[in-house]
Novice: 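Below you'll find the structure I mean.
Residues: numbered from 1 along the sequence shown.
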Amino acid sequence: MLIKRIVLLAVLAGVCLGLVSVVPVALAAPANGTVPATDTYTPTPDNLAARHWFQDAKFGIFLHWGLYSELGGAGKMGIAEWIMDDAQIPARHYERLAKFFNPTSFDADAWVRTFKAAGARYVVITSKHHEGFAMFASKLTSYNVVDATPFKRDPLAELAVACRKAGIKLFFYYSQLDWHHPDYFPRGTTGHGAERPAAGDWDRYIDYENGQLRELLTHYGPIGGIWFDGWWDQKDTAMRDRWRLQETYQMIHGLQPAALIGNNHHQRPFPGEDFQMFERDLPGENSMGFNTTGVSDLPLEMAETMNGSWGFNLIDDQFKSIRTLVRSLVGAAGRNSNFLLNTGPLPNGELQPENMKTLGEIGQWLQHYGESIYGTRGGPLSPRPWGVTTQVGNRVYVHVLDWADTTLLLPLKNVKGARLLRDGSPVRLKARPDGVEITVPPAQADEWDRIIQLDVQNH
Ligand code: FHN
């Protein structure tokens, strides 16, 4: 209580001096960033509207692009953006990659055209991944794409303009852990091969991080939000509660109240966060072994890779089929979740051609069936072995993913009519004591999801 009062007084003093922008509702955390159990966060109306938009949007594109893209995983399968750590490359050597980063084929408008045609409504791009390299014009370090590379352009600025023109929201991924910055000390569980001096000033690092975030929130127009990652690096260390998260989150919401904050810490959301993400897992599942199974009532998002890597991997051509990806998108929507599909651009600035093809196919599917995805929320039935449901108003979409029989019993009352979304043909309904039985028409070739549109009277 006393701490809160002191903080409140300090904030008020800051406001009077014009130093602090106010989020009317949230309380600042103690300087060490501990999130007290009593801490509260009340999102502003702008923020709530942005959350609503986010849930309607349903489908986003994730981009992992950085110096690591040049190495393409160095001939190994696995997550290529981790090559600095995996190959134990000292920071002073890894830095040399900046000299060769020259993606002259990068065309932000062309990227955005591809994303738009895929049906994506937002894009999340790595502004800084664990390697520590700023893919934007940061004034706080020369280790950035404008000052350290022959490219000399700010791709995030170009992407921001292209997205705005196309009506696509842009989010920035930001890695809290950093394998390059000397002040990221004490180190966490990763990045020990970077051969940095065993000294550093943690709080100076957090100031640097907050400074970079301020740049991202003030130089690129209105953004969709910040997608944090890397907190888990200190999950089991003494620094676990030293991220000063509340200060960071308040700054972000103060600068752009509608900017949504998500943190891929794999825990239940902390105060100040606006959405919860699940990495390569449907919400509530933990097949990867690091996601929480605790699903909050915040907007949800599942992030997925096209192959086994986020960053471009030269040898990994084990791309997921369009069928698998569409079914993940549907499975996510049926769990009230967005689907964020990753592609790792090439070091020359082009998108991977295989991924472009897949994105085009997803776009075609969404053009046909998008009404059962966009603007929906998880439907009246929880996920079932046969599939999921989504809903908008008094329309329920039954997504039959795996069902060999011709009839399916839905424990739903008040179903007034049913038709196949594919062609509008009527679907037979039979009232049963415990719901309604529908006749599921056989799947056509390449029909990965038989969607039956129900008219229901809302209970
Ligand atoms: O380590 C990262 C990984 O490289 C990638 O960015 C993914 C994306 O969700 N997240 C981290 C692992 O949790």
Side-chain angles (χ1 to χ4, degrees), residues 55-56 58-59 119 278 281-287 293 295 297 300 302 304 320-339 341 358 361-459:
Q55 287 189 296
D56 283 351
K58 280 289 173 296
F59 180 41
F278 297 82
D281 264 321
L282 289 163
E285 293 181 2
N286 185 13
S287 62
T293 52
V295 180
D297 55 8
L300 310 173
M302 171 191 181
E304 182 58 294
K320 295 180 182 82
S321 67
I322 163 79
R323 175 181 189 273
T324 299
L325 293 171
V326 162
R327 286 160 68 96
S328 293
L329 166 72
V330 170
R335 286 165 180 80
N336 205 27
S337 169
N338 287 12
F339 187 63
L341 180 58
T358 304
E361 288 168 348
I362 294 178
Q364 277 167 20
W365 188 88
L366 277 167
Q367 254 185 14
H368 215 98
Y369 300 111
E371 69 163 89
S372 70
I373 303 290
Y374 298 122
T376 65
R377 299 294 181 269
L381 302 181
S382 57
R384 301 289 151 112
W386 49 259
V388 296
T389 56
T390 53
Q391 180 163 18
V392 192
N394 54 9
R395 280 268 155 87
V396 169
Y397 298 92
V398 180
H399 299 262
V400 182
L401 299 170
D402 294 295
W403 194 246
D405 297 335
T406 46
T407 58
L408 178 61
L409 180 69
L410 304 172
L412 287 176
K413 301 269 185 238
N414 301 328
V415 178
K416 300 293 168 208
R419 69 200 69 81
L420 200 57
L421 188 56
R422 174 173 88 201
D423 55 12
S425 58
V427 167
R428 259 187 57 206
L429 290 176
K430 205 181 235 175
R432 295 280 182 206
D434 41 358
V436 66
E437 188 181 271
I438 57 171
T439 303
V440 188
Q444 289 184 348
D446 291 342
E447 190 178 13
W448 318 299
D449 177 16
R450 278 170 290 170
I451 307 172
I452 294 132
Q453 190 190 53
L454 305 179
D455 300 322
V456 293
Q457 214 151 48
N458 280 332
H459 314 281

Novice: Holding to side-chain hydrogen bond (donor to acceptor under 3.5 Å, both in side chains), I want the full list of residues that pass it with T390, two or more places apart in sequence or in another chain.
Specialist: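 T390: side-chain hydrogen bond (donor to acceptor under 3.5 Å, both in side chains) contacts with H399.
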Novice: On a heavy-atom basis, which atom in G334 and which in P383 lie closest, and how many Å separate them?
Specialist: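 The answer is O-CG, 4.3 Å.
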Novice: Between CG of L401 and CG of D449, what distance do you get to the nearest 0.5 Å?
Specialist: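 Going from CG on L401 over to CG on D449, the span is 5.0 Å.
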Novice: How many angstroms lie between NZ in K320 and CD1 in I322, if you round to the nearest 0.5 Å?
Specialist: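 If we round to the nearest 0.5 Å, K320:NZ and I322:CD1 are 13.0 Å apart.
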Novice: Where is the tightest heavy-atom contact between P283 and V295, given as atom of each residue plus distance?
Specialist: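 For P283 versus V295, the nearest heavy atoms are C-CG2, 4.0 Å.
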Novice: Less than 4.0 Å between a side-chain N and a carboxylate O, is that true for D56 and R377?
Specialist: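 Looking at R377 and D56, the cut-off is met.
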Novice: Is there side-chain contact between R395 and D455, with heavy atoms separated by less than 4.5 Å?
Specialist: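 Sidechains of D455 and R395: in contact.
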Novice: Can you give each donor-acceptor pair under 3.5 Å made by side-chain atoms of residues 362-370, sequence neighbours left out, with the distance rounded to 0.1 Å?
Specialist:
none

Novice: Can you tell me if K58 uses its side chain to pair, donor with acceptor, with the backbone of A333 under 3.5 Å?
Specialist: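 No: the side chain of K58 does not pair with the backbone of A333.
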Novice: Would you please name every residue forming a side-chain hydrogen bond (donor to acceptor under 3.5 Å, both in side chains) with D423, sequence neighbours left out?
Specialist: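 side-chain hydrogen bond (donor to acceptor under 3.5 Å, both in side chains) list for D423, sorted by chain: S425.
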Novice: State, yes or no, whether a side-chain contact exists between N414 and L412 at a heavy-atom distance under 4.5 Å.
Specialist: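 With C-beta onward as the side chain, the pair stays apart.
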Novice: Spell out, as yes or no, whether a donor-acceptor pair under 3.5 Å connects the side chain of R450 to the backbone of W448.
Specialist: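 Not confirmed, R450 side chain does not pair with W448 backbone.
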Novice: State which residue, out of L325, L329, D281, fulfils the side chain to side chain contact (heavy atoms under 4.5 Å, CB included) condition with E304.
Specialist: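 For E304, the side chain to side chain contact (heavy atoms under 4.5 Å, CB included) check succeeds only for L325.
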Novice: Are side-chain heavy atoms of V440 and T406 found at a separation under 4.5 Å?
Specialist: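 No, too far: nothing below the 4.5 Å cut-off.
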Novice: Taking NZ in K430 as the centre, count heavy atoms belonging to other residues, nucleotides or ligands within less than 6.0 Å. Is the count above 12?
Specialist: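 Count not over threshold, so no.
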Novice: If you round to the nearest 0.5 Å, how far is CG of N338 from CZ of F278?
Specialist: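 Rounded to the nearest 0.5 Å, the CZ-CG separation comes out at 12.0 Å.
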Novice: Which atom pair, heavy atoms only, marks the closest approach of V330 to V388?
Specialist: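 Heavy atoms of V330 and V388 come nearest at O-CG2, 3.5 Å.
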Novice: Within the structure provided, determine whether P441 and E447 are in side-chain contact (heavy-atom separation under 4.5 Å).
Specialist: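 Result no, sub-4.5 Å side-chain heavy-atom pair not found.
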Novice: Which heavy-atom pair separates W386 from W403 by the least distance, and what is that distance?
Specialist: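 The pair with the smallest heavy-atom distance is CB-CE3, 3.6 Å.
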Novice: Within this structure, what is the CD1-OH distance for the pair I452 and Y397, rounded to the nearest 0.5 Å?
Specialist: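 One gets 13.0 Å once the value is rounded to the nearest 0.5 Å.
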Novice: Using 0.5 Å steps for rounding, measure from the CD atom of E371 to the CD1 atom of I451.
Specialist: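 The CD atom of E371 sits 8.5 Å away from the CD1 atom of I451.
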Novice: Main chain of L381, side chain of T389: is a donor-acceptor contact present, judged purely on distance under 3.5 Å?
Specialist: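 Here the side-chain-to-backbone pair exists.
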Novice: Decide if atom CZ of R428 counts as having more than 12 heavy atoms of other residues, nucleotides or ligands within a radius under 6.0 Å.
Specialist: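 No - once you tally the heavy atoms of other residues, nucleotides and ligands closer than 6.0 Å, there are 12 at most.
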Novice: So how far is it from L420 CG to Q444 CD, rounded to the nearest 0.5 Å?
Specialist: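 Those atoms lie 8.0 Å apart.
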Novice: Output, in order, the C-alpha distance, side-chain angles, deciding distance and verdict of side chain to side chain contact (heavy atoms under 4.5 Å, CB included) for L300 and R335.
Specialist: CA-CA 9 Å; L300 310 173; R335 286 165 180 80; 5.7 Å; no
Novice: Looking only at heavy atoms, which two atoms of N336 and Q55 are closest? And how far apart?
Specialist: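 Reported closest heavy-atom pair: ND2-NE2, 3.9 Å.
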Novice: Any idea which heavy atoms bring L454 and A418 closest together, and the distance?
Specialist: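 Answer, listing the atom of L454 first, then A418: CD2-CB, 3.6 Å.
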